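For the single chain, residues carry numbers from 1 onward in sequence order. Keep in mind the model is a prediction, meaning the values are calculated, not measured. Whatever order the structure lists ligands and atoms in, that order sets their numbers, starting from 1.
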Amino acid sequence: MRVVVDLSRCEGYAQCAFLAPDAFRMHGEEALMYDPDPDDAQRDRVLRAAAACPVQAILVDRLEGRPQERDVPVPAASS
Ligand code: SF4
């Protein structure tokens, strides 16, 4: 599975590191380190971590053809 964390959003709350410690790890007080390709066996934990992130910084499987709502193209305004 593919994981991307938008580090510009991440506030270092560490919810993800608590819920999926094999995939997410805090480095110091605020810096998050993560595995961008965690084993599928961690899927449930990673999804729970993504759901728990207070700022929705964790994006899962966006590169595997399963777009999330934000990826849906917005139709161009007709002129
Ligand atoms: S839960 Fe979200 S905000 Fe907190 S460390 Fe993880 S990615 Fe960052």
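- Separating the CG atom in Leu19 from the CD atom in Gln42 is a distance of 12.5 Å, to the nearest 0.5 Å.
- Cluster membership for Phe18 and Phe24, using ILVMFWY side-chain heavy atoms within less than 4.5 angstrom, is not shared.
- Proximity to Ile58 (heavy-atom distance under 4.0 Å) selects the following atoms of ligand 1: 7 (S).
- Annotation: atom 3 (S) of ligand 1 to nearest protein heavy atom, Glu11 N, 3.3 Å.
- None of the N, O or S atoms belonging to Cys53 lies under 2.8 Å away from atom 8 (Fe) of ligand 1.
- Contact annotation: for Cys16 versus ligand 1, heavy atoms closer than 4.0 Å belong to both the backbone and the side chain.
- Between the side chain of Tyr34 and the main chain of Arg25, no donor-acceptor pair closer than 3.5 Å is present.
- Of all atoms in ligand 1, listed by their number and element, those nearer than 4.0 Å to a heavy atom of Val55 are 3 (S).
- Using a 4.0 Å cut-off between charged nitrogen and carboxylate oxygen, Arg45 and Asp39 do not count as a salt-bridge pair.
- The heavy-atom pair separating Arg9 from Val55 by the smallest distance is NH1-O, 3.0 Å.
- The nearest protein atom to atom 8 (Fe) of ligand 1, hydrogens excluded, is given as Cys10 SG, 2.3 Å; this is a heavy-atom distance.
- In terms of heavy-atom proximity, Met26 sits nearest to Ala14 at CG-CB, 3.6 Å.
- Remark: side-chain polar atoms of Asp61 are paired, donor with acceptor, to backbone N or O of Arg2 under 3.5 angstrom.
- Of all atoms in ligand 1, listed by their number and element, those nearer than 4.0 Å to a heavy atom of Tyr13 are 3 (S), 4 (Fe), 5 (S).
- For ligand 1, the atoms lying closer than 4.0 Å to a non-hydrogen atom of Leu32 are 7 (S).
- The protein heavy atom nearest to atom 5 (S) of ligand 1 is Ala14 N, 3.3 Å.
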